[in-house]
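Notes to accompany the following structure.
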Amino acid sequence: MKILFFGTPYFAEVVLKGMLDNGFDVVGVVCQNDKPAGRGKKMVSPAIVEIAKANGLPVYQFEKLSQHIEDFKAIGYDLAVTASYGKFLPKSLLDINPCINVHPSMLPKYRGATPIQSAILNGDTMTGVTVMKTEIGMDDGDIFVQKEVEILPEDDYTSLQDKLANVGVELLVETLHKIENGTAVRTAQDHEKATFVRLIEKEDGLLDFSKPAQSLVNKVRAFVESPVAYFFLGEDRIKVYKAKVAVDIQADAQVGEVVPNKKRFLIKASDGVFEILRCQAPGGKVLDAKVFLNGYRFKSTVVTV
RNA sequence: CGCGAGGUAGAGCAGCUCGGAAGCUCGCCGGGCUCAUAACCCGGAGGUCACAGGUUCAAAUCCUGUCCUCGCAA
């Protein structure tokens, strides 16, 4: 069975590696185009390109998939597998051969682009992975298999994504074997229960200290890779990479005010104290709070709203 | 050539505008206080101020070039 893989970011890399490690015959990788990135806006390829090339796989980066149907037919594959590809697959492409998708949520919950972030953001304690048939509609295809994954309090996007990707590989391998044997069974989703998650904007990362401390911590956990939670102290935009609720601290400050403390970076939230464990000031490196406090000169001790 | 910030003891920073004896917070070593301590007090080690040129009696500080790091924007 020749497999054509569609995927772009890290989650897709793990899935691709998983298929290769399990001996599946991947005949090519389709991913998003190179984009100008970083200082000097140099063109940068998705990381998956490197992995594909290292394994001798051809890489296809088409601007519009629908304009390359003949190219896809020429590749000669039997099944398409998608994982965080980033764009819809046109019907003309889905009509060539069957397509299955790996989605990091317990569908029909969290259909859309940001299931992992959403689960953490909402303070969920459980999420999961679904392998289903790819259809025209967004994440609404019939389900082959799904498995729950626990979200630990200390999990953030990075760690949860890893867990989900590994489970995704496990489920995908299982499904691919069944498809090969002809024993694959799929069931329709309960569309009534579907929930959708939208793309995340940069401004979504702004921390609002009039909210409960735990919700702020959840935002930090969910956005640690991107766009990163932040707030302003005077003119300085402080990006927060790790935080917790300081349950041992007596709140002796106004909401949004820095709680005086020599060794800990604390800010009063609506219902408790938000403690920053790892952060970054403009122009500086990401630092542990204690190190950050050694050198940082506060221009304001109240969060700018 | 997208815009911008910065490279100063092991770490994080100040000093640079107005050139003229290298400082702060932590860490480390030693001593003290204490039932005890991540707390407090005293003392100590540790830096060719990124690199290379230039200006000057004198450069961390001014000028030029190189390397590296980071923020924004995409």
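Residue numbers start from 1 in every chain, and the chains themselves are labelled A, B, ... in the order their sequence lines are given, proteins ahead of strands.
The partner of B:G4 is B:C70, judged by Watson-Crick or G-U wobble contacts that both fall below 3.5 Å. Pairing partner, B:A9: none, since no Watson-Crick or wobble contact has both distances short of 3.5 Å. When both distances must be under 3.5 Å, the Watson-Crick or G-U wobble mate of B:U64 is B:A52. B:A14 is unpaired under the criterion used here, namely a Watson-Crick or G-U wobble arrangement in which both key atom distances are under 3.5 Å. Across all strands shown, B:C40 forms a Watson-Crick or G-U wobble pair, both distances under 3.5 Å, with B:G32.
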remark   = Each nucleotide of nucleotides 66-73 of chain B classed B (base within 4.0 Å of a protein heavy atom), S (only sugar-phosphate) or -, in 5' to 3' order, makes ---SBBBB

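Under the 4.5 Å side-chain criterion, counting only non-hydrogen atoms from C-beta, A:Gln61 is in contact with A:Pro46. A heavy-atom distance below 4.5 Å is not found between the side chains of A:Gln280 and A:Val228.
A donor and an acceptor atom, one from each side chain of A:Asn33 and A:Glu63, are located under 3.5 Å apart. For A:Asn166 and A:Glu170, the side-chain atoms include no donor-acceptor pair closer than 3.5 Å. Between the side chains of A:Tyr10 and A:Asp162, at least one donor N or O sits under 3.5 Å from an acceptor N or O.
Side-chain atoms of A:Thr130 come within 3.5 Å of backbone atoms of A:Ser105 as a donor-acceptor pair (strictly under, hydrogens ignored).
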task = Go through the steps to decide whether A:Glu275 and A:Arg264 satisfy the test salt bridge (Lys or Arg N to Asp or Glu O under 4.0 Å), and finish with yes or no.
result = CA-CA 7 Å; A:Glu275 175 166 11; A:Arg264 298 168 69 178; 2.6 Å; yes

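Nucleotide B:G27 holds its P atom 14 Å from the CG atom of A:Asp288, rounded to whole Å. In this structure, A:Tyr296 places its OH atom 11 Å from P of B:A14, rounding to the nearest Å. Rounding to whole angstrom units, NZ of residue A:Lys263 and C1' of B:C40 are separated by 11 Å. Atom NZ of A:Lys299 and atom C1' of B:A5 are 11 Å apart (whole Å). Taking atom CD1 of residue A:Ile238 and atom P of nucleotide B:A5, one finds them 18 Å apart after rounding to whole Å. Between A:Asp236 atom CG and B:C13 atom P the separation is 12 Å, expressed in whole Å.
A:Tyr296 and A:Phe292 have parallel rings, their planes meeting at less than 30° on a 0 to 90° scale where 60° marks the start of perpendicular.
Across the C1' atoms, B:C62 and B:U17 are found 11 Å apart, a figure rounded to whole Å. When the C1' atom is used for both B:U69 and B:C28, the distance is 26 Å, rounded to whole Å. Between B:A38 and B:G27, the two C1' atoms lie 13 Å apart (nearest whole Å). If you take atom C1' in B:A14 and the same atom in B:A9, they sit 14 Å apart, rounded to whole Å. Rounded to whole Å, the separation between the C1' atoms of B:A59 and B:C3 comes to 30 Å. Using atom P as the reference point in both B:U61 and B:A50, the two lie 8 Å apart (nearest Å). Rounded to whole Å, the separation between the P atoms of B:G20 and B:G43 comes to 28 Å. Using C1' as the reference atom, B:C26 and B:G65 are 36 Å apart when rounded to the nearest Å.
Out of B:A38, B:C40, B:G12, the shortest distance to the side chain of A:Lys262 is found at B:C40.
Under the side chain to side chain contact (heavy atoms under 4.5 Å, CB included) criterion, A:Thr304 pairs with A:Phe232, not counting sequence neighbours.
Between A:Phe62 and A:Phe72, the ring center distance clears the sub-6.0 Å criterion.
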Dump the pairs, protein N or O against N or O of nucleotides 23-25 of chain B, anything under 3.5 Å, distances to one decimal.
| residue | atom | partner | partner atom | Å |
| --- | --- | --- | --- | --- |
| B:U25 | O2' | A:Asn294 | OD1 | 3.2 |

